[in-house]
Amino acid sequence: GNVSALRLGYDADNVLVASIDAESRLTGESTTIDQFFDDASEQVRTIPGVTSSAIAVTVPFASSWAHKLSVPGYDSLPDIGDGWYINAVSTDWFTTMGTRILRGRGFEPTDVKGAERVAIVNAFMAKALWPDESAIGKCIKVGDATAPCATVVGVMENTYRDNLRESTPAQYVVVLDQGTFNAPPMRSLFIRFRGEPAAIIPAIRDRLQTLRADLPFADVRPLRSLMDSEVQQWRLGATMFGLFGVIALLVAAIGLYALVAYDVSQRWHELGVRSALGASPGHLRGLIVRAGVMDAVAGLALGGGIALLVAPLVQDLLFNVRPREFSVYAIVAGTLLGTSLIAAFVPALRAGRVMPAQVLRAD
């Protein structure tokens with residue numbers, strides 16, 4: 001449940017990622033990597049069903065890039081336990097990816113080479129660097145202190161970079177065309193579309209192939225598939241936990257039913273005597289149900305104690321759930337007690353129908 005509801009920082013549905021191994025073929029040619037991908041982005045926008053496209057250096061859950069960062073006012077940056085991760089993108093990247101801008105603005109078409117350099121930082125980075133003031137308007141320098149300023153114009157939501165268990169990384173995004181940094185040569189196209197992926201992926205591959213017939217076919221796949229490889233293991237674990245839980249609940253219910261039924265058969269004479277002395281059927285049923293529930297409570301106390309002791313051992317199998325989460329224990333205990341009541345009530349019905357004359361005559 002926690003995994004399925006998790007906001008990854010992207011609207012990954014209806015987004016494709018196209019990777020093309022163009023670096024080695026274009027090295028030394030007049031056509032640069034950026035020119036090629038600019039042409040590719042323009043071409044895929046003309047394909048029916050494509051609503052937007054963007055270029056980025058890194059791909060979520062596939063690649064990342066850390067770079068030296070300088071911030072005026074800091075001799076050394078705060079220790080955040082991880083690197084300061086950067087991505088360089090085209091100006092329509094936020095629209096294509098669906099990453100939300102929390103404060104300020106996103107990139108605009110006017111954020112081009114020669115214009116004021118701009119940057120967008122994530123919420124974690126904004127709080128780490130400027131905890132008591134707004135990040136908007138602040139200067140960051142990609143590189144050392146001599147690098148030109150990039151003015152922070154927006155704060156974006158936190159996005160997952162590599163895996164779901166990582167602590168929130170500090171991330172910032174700059175405009176690819178404005179870079180004074182040495183960006184890695186890798187580039188990928190992000191394509192937002194309408195319709196079914198199976199219908200549009202071949203058209204994208206064919207269109208990209210027309211740009212350079214000597215390049216390998218583009219690897220085009222849904223962005224969700226990159227994330228699902230990480231999410232799937234947690235979903236599988238949750239499914240297995242749920243399945244084993246249902247099996248354990250059924251076994252417990254059957255066991256308690258058998259125990260209470262056996263108790264009724266052993267106390268048949270006692271129940272007959274009680275009935276002969278005036279005990280009502282409801283009173284007899286209550287005796288049996290109470291006995292069954294007391295057995296269940298004793299089992300819960302023993303099982304709960306063991307669970308509390310061994311809970312830290314399964315921490316790595318849980319996602320955003322503490323191993324000793326009180327609400328989880330309360331729900332499990334309530335479910336088991338409810339099941340125990342049902343399991344004990346069926347034999348109790350038989351106990352309520354005991355006939356004193358038959359019992360005494362059997363003696």
Side-chain angles (χ1 to χ4, degrees), residues 8-65 86-99 106-115 159 173-229:
L8 298 175
Y10 316 96
D11 290 335
D13 296 325
N14 294 101
V15 175
L16 300 171
V17 182
S19 300
I20 310 167
D21 183 16
E23 300 94 83
S24 59
R25 306 294 179 94
L26 296 178
T27 301
E29 295 190 12
S30 58
T31 301
T32 65
I33 293 292
D34 289 327
Q35 286 174 336
F36 172 78
F37 275 91
D38 283 342
D39 292 342
S41 184
E42 290 180 8
Q43 284 294 317
V44 297
R45 285 195 200 107
T46 65
I47 298 174
V50 171
T51 58
S52 66
S53 66
I55 307 164
V57 171
T58 67
V59 178
F61 293 86
S63 60
S64 58
W65 169 31
I86 179 176
N87 197 5
V89 304
S90 59
T91 54
D92 37 16
W93 187 80
F94 286 96
T95 301
T96 301
M97 296 295 287
T99 299
F107 292 140
E108 296 176 350
T110 53
D111 296 322
V112 295
K113 186 175 182 179
T159 58
V173 183
V174 294
V175 179
L176 191 56
D177 287 345
Q178 293 185 338
T180 58
F181 42 81
N182 293 320
M186 55 191 180
R187 301 285 186 277
S188 293
L189 279 179
F190 293 82
I191 304 155
R192 182 165 289 279
F193 67 98
R194 294 187 301 266
E196 293 297 322
I200 201 166
I201 286 176
I204 292 173
R205 284 201 184 108
D206 291 342
R207 185 62 60 87
L208 293 175
Q209 192 67 25
T210 63
L211 294 175
R212 286 288 297 256
D214 60 324
L215 292 181
F217 271 105
D219 177 18
V220 185
R221 49 182 164 165
L223 177 61
R224 178 65 68 185
S225 67
L226 301 178
M227 300 173 176
D228 278 348
S229 61

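Scope of the values below: all heavy atoms of this structure, side chains included, with no hydrogens, waters or symmetry mates. Being a predicted model, the structure only gives us computed values, none of them experimental. Each residue takes its place number in the sequence, starting with 1.
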Polar side-chain atom of Q178 near backbone of K113 as donor-acceptor pair, under 3.5 Å: no
T99 (side chain) donor-acceptor with G9 (main chain) under 3.5 angstrom: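 Yes.
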Residues that D206 engages under salt bridge (charged side-chain N to carboxylate O under 4.0 Å, His left out), provided they are two or more places apart: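 Per chain and number, D206 pairs via salt bridge (charged side-chain N to carboxylate O under 4.0 Å, His left out) with no residue.
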Pairing residues for D11 by the salt bridge (charged side-chain N to carboxylate O under 4.0 Å, His left out) criterion, not counting sequence neighbours: R7
Distance (rounded to the nearest 0.5 Å) between T210 OG1 and Q43 CD: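 Reported value, rounded in 0.5 Å steps: 5.5 Å.
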Distance, nearest 0.5 Å, that separates OG of S19 from CE of M186: 10.5 Å
Inter- and intrachain pairs under salt bridge (charged side-chain N to carboxylate O under 4.0 Å, His left out), touching residues 181-192, at least two apart: D34-R187
Would you please name every residue forming a side chain to side chain donor-acceptor pair (under 3.5 Å) with [X], sequence neighbours left out?
X: T96; result: S52
X: T46; result: R207
X: D111; result: R105

Residue that, paired with F190, satisfies side-chain contact (heavy atoms from CB on, under 4.5 Å) out of V59, I55, V89: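 Of the listed options, the one satisfying the test is V59.
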Which pairs would a plain distance check flag for residues 195-205, meaning a side-chain donor or acceptor within less than 3.5 Å of a matching protein atom at least two apart in sequence or in another chain?
from, atom 1, to, atom 2, distance (Å)
R205, NE, A218, O, 3.1
R205, NH2, V220, O, 3.4

V17 and L223, any side-chain heavy atoms less than 4.5 Å apart: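 Yes, close enough: below the 4.5 Å cut-off.
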Student check: side-chain heavy atoms of T51 and N14 closer than 4.5 Å: no
Minimum heavy-atom distance [X]-[Y], with the two atoms named:
X: A88; Y: L176; result: CB-CD1, 3.5 Å
X: A40; Y: L189; result: CB-CD1, 3.8 Å
X: L208; Y: A18; result: CD1-CB, 4.1 Å

Ring pair (Phe, Tyr, Trp, His ring centres under 6.0 Å) partners for F94, two or more places apart: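 Expected list: F107.
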Pairs touching residues 53-65 that satisfy side chain to side chain donor-acceptor pair (under 3.5 Å), sequence neighbours left out: S41-S53, R45-S53, T58-N87, S64-R161
F36 vs I20, side-chain contact (heavy atoms from CB on, under 4.5 Å): CA-CA, chis, key distance, verdict: CA-CA 10 Å; F36 172 78; I20 310 167; 3.9 Å; yes
